[in-house]
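Numbers here simply count residues along the sequence, with the first being 1.
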Amino acid sequence: MFYRWPKNLHKITKNPNFKSPINLNSSPITLNNHTNSFKFTPFAAQASIDGKIPNFLGKTCSFIRNYCSLNNNEGGSSEWTEEIEYLDESGSVIYSGKGVRSVEPGVDDHVMIGARKKPLLNAAAVAKMVEVVRRWKWGPELEIQLDKLQFVPNMIHVTQALKIVKDNEEALLSLFRWAKRQSWYVPNDECYVLLFDELNKSRNFDEIQSLFDEMVEESSSGNGGSTLSAYNRVIQYLADAGKMEVSFCCFKKAQDSGCKVDTQTYNKLITLFLNKGFPYKAFEIYEGMGKAECSLDGVTYELMIPSLAKSGRLDAAFKLFQEMKDRKIRPNFNVFASLVDSMGKAGRLDASMKVYMEMQGYGLRPSVTTYVSLIESYAKAGKLDTALKLWDEMRLAGFRPNFGLYTMIIESHAKSGKLDIAMSIFRDMEKAGFLPTPSTYSCLLEMHAASGQVDSVMKLYNSMTNAGLRPGLSTYTALLTLLANKKLVDVAAKILLEMKAMGFSVDLSASDVLMVYIKDGSVDLALRWLQFMGSSGIRTNNFIIRQLFESCMKSGLYESAKPLLDTYVNSAAKVDLILYTSILAYLVRCQDENNEKHLMAILSATKHKAHAFMCGLFTGPEQRKQPVLSFVREFFQGIDYEMEEGAARYFVNVLLNYLVLMGQINRARCVWKVAYENKLFPKAIVFDQHIAWSLDVRNLSVGAALIAVVHTLHRFRKRMLYYGVVPRRIKLVTGPTLKIVVAQMLSSVESPFEVSKVVLRAPGDSVMEWFKKPIVQQFLLNDIPSRADILMHKLNILFPSSCPEIRSLTPPKPLMSARSM
């Protein structure tokens, strides 16, 4: 079909560059130079004539949505004066009438067909926009061409055009930026979602964040439309990309702008924070989800329940679990497995087993991890019967126990004393092809050693060494301790040498074995072991040497004790006053002359200053060059009472025993006097004015008690006779041990003291009369009687170089028999 154009062509359009909007689909228009007319191919395949007016739209009316602009310009001429003739292919006129008048681009939203307004098709407008964008891509030229569009676009056109050009990110953003600067621009959620989707595909998160800030700014200025989907889409994309700080910042901005965050977005954020290792931040988001009245879905439950359980918030996890079931949401395997594992590790075995049974009720098959978790929980709790039941159930389910589970179940049974079961599973482990670790061997070996099973221990040890495994220090220690307790010295020596060959330091282990023999009282074995240590170049410490020396002294092995003391002294160890006093105590009790010689040699080997004091004490005044009392005071002044007060008190008790036994009463009284002066026995003598005077000898030895009684009664006598002070009563507090000894000594001189349970007491007047008797004066001034020949004999044997002081040739009558002494 042809139509003839009027001669005044410039009147058809006001813009020479204007192209008719009817030709937006690039329909060919060719100019026929011979007929001076245009050839027009319409949009539709068929054209129909409605009356006299041709229908150029044909059957495409369904594409018409609305006018291309909401601004209708009714101004200007609505008709032409020229006539347009429509011709057919043969050139004959089929219709003539008034043509379409000119339309102002960017102002009119329609075209005129005769006197009728026809809206511009959206498809045509979108196609024109897409054509311009694809041609110019981006930059100022694109914006110039878009400004020259012959119609007024709207956001529908922009959105549809964005969908078409979305494969080109620059064109996409350029078209959107141009649209934002237009007066007809209205924020559109679909448009933002489309932009965010395409930017996420290209991983352009910086541009996403920039567009999000612009969207928030539009929303805060009151110009924003409904952008709920766009807000959530941005947060989800950033969370999926691992942008924790940025996604959470956008989340807070969305909340501040009043946007309702959906459940999926909350789930994405919770997942992100859990994966980043911030469970408490995830819990905070979850709590905010409840405050925002956002409903939880199955994904939220599946995220939160395992996370809460692993973080120890078991009550909250179990509460969500119950809520999940109440809402008829089926828990998945991870929910059940996390609760079983966490409840078991927390010791809530009943709850863990309940969830485990419930999981099976849902038709879910427990995994090997679930079995391992349950078995470990029950084994660590000591409920080995249930652990074994689960162990059998796991094997029936077709799961093979792994190496760690074998090790754990063996060690737990071994440590609980169920060695038969432990060894049975141990053999199963070897049959399954697993090589037991040194830890497993050590546990079995140590537990068998603790139960005293030497044969089983040696089998395990040989199996361990044959497998090429190196026993640990604790294993060797347990093995050596067992052999020491069983007194298998030769086997223990062999093991110790193997231990040394493995590179371990064996000094401490060997010393431990030596201490086992010492504590057991096996002095012979201890000496034999010490000899082996010396021959193997293994050293021990001075503490153990001293312990062995004291054991030899207790056993009367004085000849073996002497070399030990020499070793102790030569290793720069210092013999203290307690050790010297203990040797002196053995001398006091010794009744064999040969042993006395050994003991004197041991005392001399100590090189202690107390031995020099003892030697000086038994010499004459010519050799000492000072009186006994001064000599004793000088020795006691050199004692550090802050450090050795208890040792000095012990020394005084033993020394007084020895001096009384030797008949050196004067020397003993000097020692007691100096000891009292130095307040070694501060509460022994009490003067309560005229009421009561007392002497407490309960903490003294026998010799010290006898000397203290004689010396103190002598003081009481001087105080009563010289000063005339007579107390109401005098008490001697002896205790049940010393009561008989003191009473027998005083009864020989007819003392007025009456014996009660633990005290000897007498009235002061009766004691005053008793003190006036000559025999009492002689008793208090002279020594405690003993046999002179026995004393001299002992002195000559023990101290051959000493010269005792000449005593009276006629000693007083003995007041106590030798048996009572």
**Request:** Compare all side-chain heavy atoms of K739 with those of V758 and state whether any distance is below 4.5 angstrom.
**Result:** no
**Prompt:** So does L497 have more than 12 non-hydrogen atoms from other groups sitting under 6.0 Å from CG?
**Reply:** yes
**Asked** Are the side chains of W693 and R715 in touch, meaning some heavy atoms are under 4.5 Å apart?
**Response** no
**Complete:** dist Y517:OH -> N485:CG (nearest 0.5 Å) comes out at 8.5 Å
**Asked** In terms of the angle between their ring planes, are F426 and Y441 parallel, tilted or perpendicular, with boundaries placed at 30° and 60°?
**Response** perpendicular
Please table the atom pairs, donor to acceptor, closer than 3.5 Å between any side-chain atom in residues 442-454 and protein atoms at least two apart or in another chain.
residue : atom : partner : partner atom : Å
S442    : OG   : P438    : O            : 2.6
S442    : OG   : T475    : OG1          : 2.5
E446    : OE2  : S474    : OG           : 2.9
H448    : ND1  : L444    : O            : 2.8
S451    : OG   : M447    : O            : 3.4
S451    : OG   : H448    : O            : 2.8
S451    : OG   : Q453    : NE2          : 3.4
Q453    : OE1  : S456    : OG           : 3.4

**Prompt:** Any sub-3.5 Å donor-acceptor pair from W529's side-chain atoms to A510's backbone N or O?
**Reply:** yes
**Request:** Please indicate whether K345 has more than 12 foreign heavy atoms, meaning atoms of other residues, nucleotides or ligands, lying under 6.0 Å from its NZ.
**Result:** no
**Prompt:** Looking only at atom types and distance, does a side-chain atom of T465 sit under 3.5 Å from a main-chain N or O of N462, one as donor and one as acceptor?
**Reply:** yes
**Prompt:** Is the Y558-H598 ring centre distance short of 6.0 angstrom?
**Reply:** no
**Prompt:** Under 3.5 Å, is there a donor-acceptor pair between the side chain of S463 and the main chain of K459?
**Reply:** no
**Prompt:** Is the shortest heavy-atom distance from the side chain of L530 to the side chain of I544 under 4.5 Å?
**Reply:** no
**Asked** Mind checking whether S509 and L473 have side chains closer than 4.5 Å, heavy atoms only?
**Response** yes
**Request:** Using a cut-off of 6.0 Å, state whether more than 12 heavy atoms not belonging to M502 lie near its atom CE.
**Result:** yes
**Item:** N/O donor-acceptor pair under 3.5 Å between S604 side chain and M600 backbone
**Value:** no
**Message:** Any salt bridge linking D566 with K562? Criterion: basic side-chain nitrogen under 4.0 Å from a carboxylate oxygen.
**Reply:** yes
**Asked** What heavy-atom pair brings N653 and L700 nearest, and what distance separates the two atoms?
**Response** OD1-CA, 3.2 Å
**Asked** Would you say I707 and L659 make side-chain contact, with heavy atoms under 4.5 Å?
**Response** no
**Asked** Any chance the rings of F549 and Y568 have centres within less than 6.0 Å?
**Response** no
**Inter-residue atom distance T437.OG1 - E411.CD, 0.5 Å rounding** = 6.0 Å
**Asked** Within a strict 4.5 Å, meaning less than it, do heavy atoms of the T481 and D512 side chains meet?
**Response** no
**More than 12 heavy atoms of other groups within 6.0 Å of R470 CZ** = yes
Without placing hydrogens or testing angles, list every side-chain donor-acceptor pair under 3.5 Å for residues 630-638, not counting sequence neighbours.
residue : atom : partner : partner atom : Å
R633    : NE   : E677    : OE1          : 3.2
R633    : NH2  : E677    : OE2          : 2.8
E634    : OE1  : Q626    : NE2          : 3.4

**Request:** Taking the side chain as every heavy atom from C-beta outward, state whether L496 and I538 have any atom pair closer than 4.5 Å.
**Result:** yes
**Message:** Please determine whether side-chain contact (heavy atoms from CB on, under 4.5 Å) holds for the pair N595 and Y586, giving the CA-CA distance in whole Å, both sets of side-chain angles, and the decisive distance to 0.1 Å.
**Reply:** CA-CA 10 Å; N595 288 337; Y586 287 112; over 6 Å; no
**Prompt:** F434 vs F403 aromatic rings, parallel, tilted or perpendicular, using cut-offs 30° and 60°?
**Reply:** tilted
**Prompt:** Run the side-chain contact (heavy atoms from CB on, under 4.5 Å) check on L527 and Q531 step by step: do they pass?
**Reply:** CA-CA 6 Å; L527 292 172; Q531 184 180 3; over 6 Å; no
**Request:** Kindly indicate whether the side chain of V516, heavy atoms from C-beta on, has any atom under 4.5 Å from the side chain of L480.
**Result:** no
**Fill in**
Rounded to the nearest 0.5 Å, the CG atom of L479 sits from the CD1 atom of I495 at a distance of 5.0 Å
**Message:** If you count heavy atoms of other groups shown closer than 6.0 angstrom to CZ of F543, is the number above 12?
**Reply:** no
**Rounded distance [0.5 Å steps], CG in L655 versus OH in Y650** = 12.0 Å
**Prompt:** Under a 4.0 Å N-O cut-off, is there an ion pair linking D524 with K487?
**Reply:** no
**Asked** CE/M614 to CZ/F618 distance, rounded to the nearest 0.5 angstrom?
**Response** 5.0 Å
**Prompt:** What are the two closest non-hydrogen atoms of L577 and H608, and how far apart are they?
**Reply:** N-NE2, 3.5 Å
**Asked** Between N678 (side chain) and L680 (backbone), is there a donor-acceptor pair under 3.5 Å?
**Response** no
**Prompt:** Which atoms form the tightest heavy-atom contact between L599 and C590, and what is the distance?
**Reply:** CD1-CB, 3.8 Å
**Message:** Show the nearest heavy-atom pair for residues G703 and V660, with the distance to one decimal.
**Reply:** O-CG2, 3.8 Å
**Prompt:** With distance as the sole test, does H413 use its side chain to make a donor-acceptor pair with the main-chain N or O of I409 at under 3.5 Å?
**Reply:** yes
**Message:** Under the criterion salt bridge (Lys or Arg N to Asp or Glu O under 4.0 Å), I'd like the reasoning laid out for E550 against R546: C-alpha separation, chi angles, the key distance, then a yes or no.
**Reply:** CA-CA 6 Å; E550 293 179 356; R546 176 167 175 168; 3.2 Å; yes
**Request:** Could you tell me whether K597 and E593 make a salt bridge, using a distance below 4.0 angstrom between a side-chain N and a carboxylate O?
**Result:** no
**Asked** Between V686 and D696, is a side-chain contact (heavy atoms from CB on, under 4.5 Å) present by the stated rule, with each step listed?
**Response** CA-CA 8 Å; V686 177; D696 191 347; over 6 Å; no
**Message:** Checking L584 against N657 for the side-chain contact (heavy atoms from CB on, under 4.5 Å) test, could you report, in this order, the C-alpha distance in whole Å, the side-chain angles of both residues, the deciding distance, and whether it holds?
**Reply:** CA-CA 10 Å; L584 181 61; N657 266 349; over 6 Å; no
**Asked** Can you name the closest pair of heavy atoms from L656 and A668 and give their distance?
**Response** CD2-O, 3.2 Å
**Prompt:** Is the CG atom of N594 crowded by more than 12 outside heavy atoms at less than 6.0 Å?
**Reply:** yes
**Complete:** Smallest heavy-atom separation, A605 atom then V569 atom, equals O-CG2, 3.8 Å
**Fill in**
Between the CD1 atom in I410 and the CD1 atom in I425, the distance rounded to the nearest 0.5 Å is 6.5 Å
**Item:** Polar side-chain atom of Y406 near backbone of P401 as donor-acceptor pair, under 3.5 Å
**Value:** no
**Prompt:** Has the side chain of S416 got a donor or acceptor atom that lies under 3.5 Å from a matching backbone atom of S412?
**Reply:** yes
